[in-house]
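Let me begin by presenting the structure, written as structure tokens, before commenting on it.
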Amino acid sequence: MSADLIVAEGLRKEYPGRSEGDAPTVALQRFDLKVAEHEVACIVGPSGCGKTTLLNLIAGFEKPSDGVLTMRGEPVAGPSPERSVVFQQPALFPWLTVLENVTLGPRMRGVDKVKLERDAEHVLASVGLTGFKSHFPYQLSGGMRQRVQIARVLVASPDVILMDEPFGSLDAQTRIIMHEVLLRVWAEYKPTIFFITHDVEEALILADQVYVMSRRPGSVKARIQVPFKRPRGYDLIGDPDFAALRASVVAMLREEWESGEIDAVAE
Ligand code: ADP
Ligand code: MG
């Protein structure tokens, strides 16, 4: 067993009301989490349950209102290059080529140009973008832009990659390809990946463990160890054990949606 890299205990996040007199929003409460080194942890939960809040806390963009959040035993005090974020919409510089976008961060930190370009070519090959290094973002499809974003994160070799519904705006075919890209990248670089999604199938294909969240205020409804062997591919979807696990997670999420609807009717 590898050691726990990220640990949350009793994590709580409350946002102040929008104007004076408005009740605060409790986005997360009593949230416990343990992510081991080199593991892929996926979070699934209904919309608005606090998934992005959790990612922002781990990224160090937000501070907890209460509870403990540590990486290697040290409190997360702010953003760090050890923890890189991949957003749903890749933020690439339109006037820079693929290679320039991928190397920009380390170049600004003064990393040797020759080494950097060699590393960049390697990660571009890993994400399947060999031959596209001189293209500009507008010349790429959505999936390819997302690969550039992943390459840009990889070239900085972070310990943890935080991904907030990174394939949420891609079409179904492209998502499947991106899952394969990510599985391949994980097998090669073995980063710890913290991946948020509302797609149960995506979570079960990618993850070692899946956290199912309750509706807001988000807490852990279930923690599931995903039993399927790696390397994984899309044939997994035809496996009856996969279908059964998927159905049970969907049923858990449905309980959350439906209890929310009943509340909405009662209000
Ligand atoms: P998810 O990513 O699961 O959809 P979020 O973490 O974005 O959920 O949001 C959880 C709850 O916290 C929502 O009710 C949202 O409106 C609220 N929220 C998120 N960010 C802020 C903020 N900066 N200020 C106030 N409320 C916020
Ligand atoms: Mg979100």
Side-chain angles (χ1 to χ4, degrees), residues 6 8-33 35 40-69 76-79 83-91 142 146 149-150 153 160-170 175 178-179 182 193-204 206-207 209-224 249-267:
I6 298 170
E9 275 165 16
L11 198 60
R12 178 183 173 88
K13 180 65 184 179
E14 194 176 303
Y15 296 108
R18 290 198 199 284
S19 42
E20 229 181 275
D22 282 2
T25 301
V26 182
L28 281 180
Q29 70 176 5
R30 294 192 294 276
F31 201 99
D32 296 333
L33 173 95
V35 181
V40 182
C42 283
I43 306 286
V44 289
S47 169
C49 75
K51 300 184 295 296
T52 295
T53 297
L54 178 62
L55 182 133
N56 286 341
L57 289 167
I58 297 175
F61 299 152
E62 297 271 7
K63 295 215 172 342
S65 309
D66 201 359
V68 175
L69 177 62
V76 171
R83 286 168 268 119
S84 290
V85 182
V86 172
F87 299 99
Q88 186 175 101
Q89 297 301 336
Q146 201 52 290
Q149 194 181 194
I150 293 170
V153 161
V160 184
I161 302 180
L162 305 168
M163 307 181 88
D164 193 357
E165 308 207 25
F167 310 139
S169 64
L170 302 175
R175 284 165 78 99
M178 293 309 295
H179 294 156
L182 191 60
I193 297 180
F194 182 84
F195 190 105
I196 285 176
T197 179
H198 55 252
D199 181 334
V200 174
E201 196 168 279
E202 176 168 82
L204 293 177
L206 297 174
Q209 58 165 338
V210 173
Y211 283 83
V212 182
M213 283 178 74
S214 70
R215 71 198 172 89
R216 186 168 65 81
S219 58
V220 181
K221 184 176 171 75
R223 180 181 171 189
I224 297 159
V249 176
V250 168
M252 286 179 209
L253 287 172
R254 174 165 288 183
E255 269 175 26
E256 295 306 304
W257 299 324
E258 287 179 351
S259 61
E261 258 171 37
I262 289 162
D263 277 9
V265 170
E267 267 168 13

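Counting convention: from 1, in listed order, for ligands and their atoms alike. Source: prediction; values computed, not measured.
Applying the 4.0 Å criterion to heavy atoms of Ala27 picks out, from ligand 1, the atoms 12 (O).
Side chain of Glu62 to backbone of Thr53: no donor-acceptor contact under 3.5 angstrom is found. Using a distance-only test at 3.5 Å, with no hydrogens or angles considered, a donor-acceptor pair links the side chain of Lys13 to the main chain of Lys63.
In terms of N/O distances under 3.5 Å, ligand 1 is not approached by Thr25. Here's the thing with Thr53: one of its N/O atoms is less than 3.5 angstrom from an N/O atom of ligand 1. Geometrically, ligand 1 and Gly48 share a nitrogen or oxygen pair separated by less than 3.5 Å. Distances between N or O atoms of Arg216 and those of ligand 1 include at least one value under 3.5 Å.
Contact annotation: the side chain of Ile43 approaches that of Leu33 to within less than 4.5 Å [non-hydrogen atoms, C-beta and beyond].
Regarding atom 23 (N) of ligand 1, its nearest protein heavy-atom neighbour is Tyr15 CE2, 3.6 Å. Atom 8 (O) of ligand 1 has as its closest protein heavy atom Gly50 N, 3.2 Å. The nearest protein atom to atom 7 (O) of ligand 1, hydrogens excluded, is given as Thr52 CB, 3.7 Å; this is a heavy-atom distance.
In terms of heavy-atom proximity, Cys49 sits nearest to Leu28 at O-CD2, 4.5 Å. Nearest heavy-atom pair across Met213 and Lys221 is C-CB, 4.1 Å. When all heavy atoms of Leu57 and Val76 are compared, the pair lying nearest together is O-CG1, 3.7 Å.
Heavy atoms of Cys49 come nearer than 4.0 angstrom to ligand 1 in at least one pair.
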| Can Phe61 and Val85 be said to form a side chain to side chain contact (heavy atoms under 4.5 Å, CB included), step by step? | CA-CA 11 Å; Phe61 299 152; Val85 182; 3.8 Å; yes
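No more than 12 heavy-atom neighbours from other residues, nucleotides or ligands sit within 6.0 angstrom of CZ on Arg254.
Not a single protein heavy atom sits closer than 4.0 Å to atom 15 (C) of ligand 1.
The Mg ion (ligand 2) does not have Ser47 among its coordinating residues (no N/O/S atom, backbone or side chain, under 2.8 Å).
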